[in-house]
Amino acid sequence: MPEPLTARRAGLFTKQDAPVPLDGVSIDAEISTFCARVVVAQRFVNRETMPIEAVYVFPLDEGAAVCGFEAIIDGTLVVGEVKEREEAFKTYDEAMEQGHGAYLLDEERPDVFQASVGNLPPGKEVLLKLTYVTELTVESGSVRFSIPTTVSPRYAPAEDHVGVGRPDAQALNPPVAWRVPYGLNLSVGVTMAGAITRLESPSHPVAIAIDGHDATVTLAQRDTALDRDFVLSIEAAGLDVPQAWMERDEDGTDSIAVAFVPTLADAPVPTEVIFLVDRSGSMSGNWIAEVRNALQLCLRSMIPGCCFNIFGFGSTFDRLFPRSCAYDERSLAKASAHVSTLDADLGGTEILPALKAVLEQPLHATLARQVVVLTDGQVTNTDAVLALAKKHAANARIFTFGIGTGASHYLVKGLARAGRGVAEFIYPGERIEPKVIRQFGRLLTPAITNVRIEWGRVDVAQAPSIVPPIFRGGRLLLYGLQEQGPTSVSPARARLSADTPSGRMNWDVEIDSEKARAGRTVATLAARARIRELEESSEWTPPRGSRQTARKANAGTQEIIALSTRYGLVSRETSFVAIERRDTPVHGDIQLRRVPIALTNGWGGVDEMLILGAIPARSRRGDAGAVVFDVMVPGWSIGEVNERGDCVVRVSKAPSRRDGDRGGGASRSARAGHAPARRRFLGSHERVRGSHRSEAARPRAGAVRRNRRSG
């Protein structure tokens, strides 16, 4: 069963009166024009009288290239190394059995990671530090930098509740609490090629200091809640200028990053637009209101000659018209009235069958198909969704809007990549108009396609190997890796060629090898770009059941492992492991402690006023399959809610010390995010792969070795 959470003394405690071991998270980031280097520090403290194993599931940027992992305990630095995933876990498990300290970092999805602190002695603390680099999104003259801080509960379809080892329904859904006793400290340094003209955060109150090309950003308050994405928007001169930069590492490899910004001036062209709208329970409240506003703007951004339809999905899906309807005053009025009544009332987030229905419709006789998806993206079957989009990419482009304070960047961006489109994110409080205008500028204007890049007569390994289409106002960032030898010549320029409505066109960017800097940031991003391309291709298949053995010979898998180990990167096939060798081993039963994470702010439309000062009591499965949160609040009483939806919240009267019961009577409830499911998915973050037991104690000797799922 999930571990109940109660409130005592100094904060949140687990079921055997055990304090939450995570003491705080701090993030230091350095932004340099189009790239960022981020260091995340997590401090774990064992306040118990026995050794513990702490497990913390947390998010990172879905494009993050995690390239560093270390642990500091008693002033000793232990540096992690990248190993094939199963080998890393074996090393971790054996070190624990021998009484040593063990620290493990796994990637569950490109935007969901797990840190494991093994055999932390009583009274000790450890600081885990992980480092990643990432490229930034450019939006019409501004750079967008985001840091996710919590994993929103994810809807899991039936197939994700079964499988060898730990199913995705458990792996991607850690324990959730209304409040957690740890917070976030964050500092960002900014250096841009041009002068900074504007810098703001729509997500958090921040303190900003700007000095020409440089700036510093800090949170306005210490220990900020980790319950929403941190978003930073930077406007600076020169972001629309094509440019290239080069690095040379100690192995003699030149790495090149090239940013192309083609100019397109073509007129809009009518198209078929199908809107696919997430109406699951997690979209309740402000998020569905944002969807309605965005959709009304989208409807008015189409042009005469277009045709369109609107699909809504949850546990089921519906459509406004039997088939796409011509865009005119009458159809616009009907669609606008329909949109004004949309609510998050369709249950769980079953995006796969709805997307399949949209993509498998007969194509329009003369108009190209464009699909616009509006969602928070919180599902466990992302790989299947991306595979479906890629299968139909030749006939339908997919453009996405990520909605809310904690949208899944992996699904929202990945779906746009697979569908050869572009993603936009609408954070509460941001202006919607420029985002919709940008998206429809891309959607209605022919893209440049059949893109090729030439590096002269120089042999350069390019990432990604297949160049995506480029849309109006878009920027294309490509990487090249070149092994240096005695007779090697660095490329002097990169030439981009592509098909446009006006014919084949070329763009050149000069590369100055004399200005090459020492470093591996570009090489790391290049390797991550190639790994992502492999993980989202048919060459790599996520494990499920008996396919585990067959994957060992998969060429895509072997290339991912080779790139990850060479450049020191975490991937779906590799993990970081660090071992602290102790002169005096620590023996005894190790207690498992799963760190609860904060529920995403605004998720499911849960009324914050309801839970102000609430004590998270427990979570379990409801009779109808929905997740049930029991929350004790003074003055309210308990009542059962069994509505079919993503989640149900029960608010109950706090018991007195004297009666020890949980009250009775009527209830006030609020429906929230994910999923009509067949089994529990919050709570028990079971690792049946060898280390983590379903209950608290792990015997020191004779541990049962079980299969560990690596997907």
Side-chain angles (χ1 to χ4, degrees), residues 24-41 60-61 63-65 67-68 129-149 183-226 228-247 255 257-259 261 425 427 429-431 434-435 438 473 475 477 509-510 512 514-522 524-525:
V25 177
S26 64
I27 298 177
D28 291 295
E30 293 293 332
I31 295 173
S32 180
T33 308
F34 298 134
C35 302
R37 185 176 185 86
V38 183
V39 178
V40 180
L60 289 179
D61 184 332
C67 54
K129 296 178 72 174
L130 61 97
T131 301
Y132 70 86
V133 293
T134 187
E135 62 184 56
L136 307 185
T137 303
V138 176
E139 302 175 341
S140 298
S142 67
V143 168
R144 186 181 181 91
F145 173 61
S146 64
I147 297 176
T149 67
L184 170 68
N185 288 319
L186 181 143
S187 175
V188 182
V190 182
T191 300
M192 306 300 290
I196 298 172
T197 57
R198 186 174 181 180
L199 200 158
E200 63 180 3
S201 171
S203 61
H204 290 74
V206 292
I208 298 172
I210 300 177
D211 182 11
H213 295 227
D214 303 314
T216 57
V217 180
T218 55
L219 294 175
Q221 59 190 66
R222 293 179 58 83
D223 293 328
T224 298
L226 288 100
R228 70 196 74 189
D229 291 354
F230 172 79
V231 179
L232 191 66
S233 180
I234 308 162
E235 293 182 10
L239 293 178
D240 58 350
V241 177
Q243 56 185 286
W245 56 103
M246 179 184 290
E247 289 181 346
S255 49
V258 182
V261 189
F425 288 86
Y427 196 94
E430 284 189 302
R431 291 185 60 216
K435 297 176 183 291
R438 273 199 305 269
R475 178 198 62 129
L477 185 59
V509 176
E510 301 299 320
D512 188 351
E514 297 298 321
K515 295 182 179 180
R517 296 178 294 181
R520 295 192 67 178
T521 298
V522 174
T524 301
L525 288 171

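Throughout, numbering of the chain's residues begins at 1 and tracks the sequence.
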TODO: Give every residue pair that meets the salt bridge (charged side-chain N to carboxylate O under 4.0 Å, His left out) criterion with at least one member in residues 204-225, sequence neighbours excluded.
DONE: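 Of all non-adjacent pairs touching residues 204-225, none passes salt bridge (charged side-chain N to carboxylate O under 4.0 Å, His left out).
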- [ ] Could you list all the salt bridge (charged side-chain N to carboxylate O under 4.0 Å, His left out) pairs where at least one residue sits in residues 191-208, not counting sequence neighbours?
- [x]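 Checked against salt bridge (charged side-chain N to carboxylate O under 4.0 Å, His left out) - neighbours excluded - the pairs reaching residues 191-208 are R198-E200.
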- [ ] Quick one: list whatever passes ring-ring contact (aromatic ring centres under 6.0 Å, His included) with F230, sequence neighbours left out.
- [x]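 If we apply the ring-ring contact (aromatic ring centres under 6.0 Å, His included) test to F230, skipping adjacent residues, the hits are H204.
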Can you name the side-chain contact (heavy atoms from CB on, under 4.5 Å) partners of [X], sequence neighbours left out?
X    : result
E30  : none
T149 : L184, L226
V39  : K129, T131
A29  : V38, F145, V188

Task: Closest non-hydrogen atom pair, W245 against C35 - done: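 That would be CZ2-SG, 4.4 Å.
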- [ ] Measure across F425 and E430 and return the closest heavy-atom pair with its distance rounded to 0.1 Å.
- [x]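 Residues F425 and E430, closest heavy atoms: O-OE1, 3.6 Å.
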Task: For R37, salt bridge (Lys or Arg N to Asp or Glu O under 4.0 Å) partners two or more places apart - done: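 Scan of R37 (salt bridge (Lys or Arg N to Asp or Glu O under 4.0 Å), adjacent residues dropped) gives none.
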TODO: For T33 and A193, indicate whether the former's side chain and the latter's backbone hold a donor-acceptor pair under 3.5 Å.
DONE: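 Flag set: sc T33 to bb A193 pair under 3.5 Å.
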- [ ] Check whether NZ of the Lys or CZ of the Arg R144 lies under 6.0 Å from the centre of the six-membered ring of Y427 and within 45 degrees of that ring's axis.
- [x]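 The answer is no; the distance or angle limit is not met.
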Quick one: list whatever passes side-chain hydrogen bond (donor to acceptor under 3.5 Å, both in side chains) with [X], sequence neighbours left out.
X    : value
T134 : D61
E135 : Y479
T224 : none

- [ ] Sequence neighbours left out, what pairs pass ring pair (Phe, Tyr, Trp, His ring centres under 6.0 Å) with at least one residue falling in residues 206-226?
- [x]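 Those involving residues 206-226 do not exist here.
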- [ ] Please tell me if the side chains of V261 and V138 come closer than 4.5 Å, counting only heavy atoms from C-beta onward.
- [x]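 A side-chain contact is absent here, since even the closest heavy-atom pair is not under 4.5 Å.
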